[in-house]
Amino acid sequence: TYTKQVFKEFIGWNEEPKYNIRGVVYVNIEDLMTCYCKTREMTSLYSRCLDNEKMSKKDKEVIYELILNSVKSSNKLREYCEYK
C-alpha cells in the first residue's frame, strides 16, 4: 500500500502495517517520533542550503517554501505525539 511504501522509504519501516477495526493503518508512537526527527533534519538541511550565496532568488523562494512545509509537518507530528 502507499502508506507502507512511504514508511519504508522515509523511515526504513519494514513491518507489515497494523490496522485498527476500521481498517485504518495504526502507527506506533516510536514511528511517529522517527518521522518527527526526520522532518527536523530536513528543515535543518533546507536552512543550510540558504547559506549558498550563488543561489538565485527563485531558488531561495523554493527553499523557503520547503522550510515552511517541513516546519508545518514537524509541528503536526509533535502535536499528534503529545496528544497520544
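In plain terms, the two heavy atoms of Met55 and Ile63 that are nearest each other are SD-CG1, 4.0 Å.
Side-chain contact between Arg40 and Ser44: absent, with no pair of heavy atoms (C-beta onward) separated by less than 4.5 Å.
More than 12 heavy atoms of other residues, nucleotides or ligands lie within 6.0 Å of CD in Glu61, so this atom counts as buried by the packing criterion.
Summarising the geometry, atom OG1 belonging to Thr39 is positioned 14.0 Å from atom NZ belonging to Lys72; distances are rounded to the nearest 0.5 Å. Between Cys49 atom SG and Lys60 atom NZ the span is 11.5 Å, to the nearest 0.5 Å. Atoms NZ and CG, on Lys38 and Leu45 in that order, are 11.5 Å from each other to the nearest 0.5 Å. In this structure, Tyr36 OH and Lys76 NZ are separated by 15.0 Å, a value rounded to the nearest 0.5 Å. The distance from atom CZ of Arg48 to atom OG1 of Thr43, rounded to the nearest 0.5 Å, is 10.5 Å.
Remark: side-chain polar atoms of Ser74 are not paired, donor with acceptor, to backbone N or O of Ser70 under 3.5 angstrom.
Placement of Leu50 and Leu68 in two distinct hydrophobic clusters is found when ILVMFWY residues are connected by side-chain heavy-atom separations under 4.5 Å, directly or transitively.
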